[in-house]
There are 2 protein chains.
Amino acid sequence: MKAQALHGHLDALLLAVLERGALHGYAIIEALRARSEGALDLPTGTIYPALRRLERAGHVASSWSTVNGRERRTYELTDSGRRALAGERAGWREFSATVGQFLGDTPPAPA
Amino acid sequence: MKAQALHGHLDALLLAVLERGALHGYAIIEALRARSEGALDLPTGTIYPALRRLERAGHVASSWSTVNGRERRTYELTDSGRRALAGERAGWREFSATVGQFLGDTPPAPA
DNA sequence: GCCCACACGTAGTCTTGCTACCTATGAAGG
DNA sequence: CCTTCATAGGTAGCAAGACTACGTGTGGGC
């Protein structure tokens, strides 16, 4: 699917993924792909700048760790990030309800 | 709500509004505001360029009519536009389902 | 030894919606 | 009569955000 449509919701997705536990950038991409069943396959050029944005905003904190000689920067949610996520969720609900009104009912998520 | 979040879905909204009948630009803005209960209050600088985009793409056709000495450009859906709308609807469903998976279930639209 | 998957990152482009501004008419109010 | 407001259409330039393309470096498999 056109990831372009994410516009403005990407930050929320990243926060949501990190909500389940700290991950490093590459793992975030894989988590997004896995949980969306392949629908979200975001390039690194999308993820890393977004993570820096979130870090500048104080919503995530990063720390370097060397695993198998491999440098990995692990990101985790801050309290501010958790609050932001709650807001993003509310925003998403309003947005999807509003747009859904025009584009047909938002289908209830299947179990 | 932040209309900025529309990004990429505005065209679909416009097509959806015109689906119910031809309207002129100003009326489209009012229809969006009315049907969304005020949530969508889009400026003319957003609507008119978008309509021209849709016209260039062949999804809408416009015709001038003078009503009470007032120039009104009425837009209506073309067949191509109807097909595009169907595609946009499908895209929206996929998009909202995917994002909803991360941001909590998309709430079923209230009756 | 070479290539691929892993892992991080930046620069520049492109789309798209927004702000700010301009034009013009008809009706209402002073 | 003149000003102001709602209606009605439109453009130029800005800003945000995601993408493409590129660049760096390691470890493991062939």
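Numbers restart at 1 for each chain; the letters A, B, ... are given by sequence-line order, proteins then strands. Since the model is a prediction, treat every value here as computed from it, not as a measurement.
The distance from atom CG of B/L6 to atom C1' of D/dA16 is 14 Å, rounded to the nearest whole Å. One interatomic measurement links the two molecules: NE2 of A/H7 to P of D/dC19, which rounds to 8 Å at whole-angstrom precision. Summarising the geometry, the separation between CZ on B/R72 and C1' on D/dT7 is reported as 10 Å, rounded to the nearest angstrom. Look at CZ on A/R73: it is 9 Å from P on C/dC8, rounded to the nearest Å. The distance from atom CG of A/L10 to atom P of C/dT15 is 20 Å, rounded to the nearest whole Å. Residue A/E71 contributes atom CD, which lies 10 Å from atom P of C/dG9 at whole-angstrom precision. The nearest whole Å value for the distance from the CG atom in A/L51 to the P atom in C/dA7 is 15 Å. Between the CD1 atom of A/I47 and the C1' atom of D/dC19 there is a distance of 12 Å, rounded to whole Å.
Within the 4.5 Å cutoff, no side-chain heavy atoms of B/I29 are placed close to those of B/T46. The closest side-chain heavy-atom distance from B/L18 to B/L54 is not below 4.5 Å. Within the 4.5 Å cutoff, the side chain of A/F102 has heavy atoms near those of the B/L40 side chain. For the pair A/I47/A/L32, a side-chain contact is recorded, criterion being any heavy-atom separation below 4.5 Å from C-beta on.
The shortest distance between the side-chain N/O atoms of B/R52 and the OP1/OP2 oxygens of D/dG9 is not below 4.0 Å. Taking 4.0 angstrom as the limit, A/R53 places none of its side-chain polar atoms (N or O) nearer than this to OP1 or OP2 of D/dA16.
A search for side-chain contact (heavy atoms from CB on, under 4.5 Å) contacts involving B/A57 returns B/H59, not counting sequence neighbours. For B/A27, the side-chain contact (heavy atoms from CB on, under 4.5 Å) partners are B/L23, B/H24, not counting sequence neighbours.
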For nucleotides 26-30 of chain D, print each protein N/O atom paired with a nucleotide N/O atom at under 3.5 Å, atom names and distance only.
{"from": "D/dT26", "atom 1": "O2", "to": "A/R70", "atom 2": "NE", "distance (Å)": "3.4"}
{"from": "D/dT26", "atom 1": "O2", "to": "A/R70", "atom 2": "NH2", "distance (Å)": "3.3"}
{"from": "D/dG27", "atom 1": "O4'", "to": "A/R70", "atom 2": "NH2", "distance (Å)": "3.1"}

Produce the list of close N/O pairs, under 3.5 Å, pairing protein atoms with atoms of nucleotides 20-24 of chain D; give distances to one decimal.
none

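Here CZ of B/R35 is found 12.0 Å from OG1 of A/T98. Values are rounded to the nearest 0.5 Å. For the atom pair CG (A/D11) and CZ (A/R53), the distance works out to 4.5 Å, reported to the nearest 0.5 Å.
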**Prompt:** Run the side chain to side chain contact (heavy atoms under 4.5 Å, CB included) check on B/L13 and B/L42 step by step: do they pass?
**Reply:** CA-CA 12 Å; B/L13 288 184; B/L42 305 180; 5.6 Å; no
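DNA chain D lies under 4.0 Å from no heavy atom of any residue of residues 14-34 of chain A.
In this structure, A/H9 and A/W92 have perpendicular ring planes: the angle between them is above 60°, well past the 30° mark.
A salt bridge (Lys or Arg N to Asp or Glu O under 4.0 Å) check over residues 64-85 of chain B, counting only residues at least two apart or in different chains, returns the pairs B/E55-B/R73.
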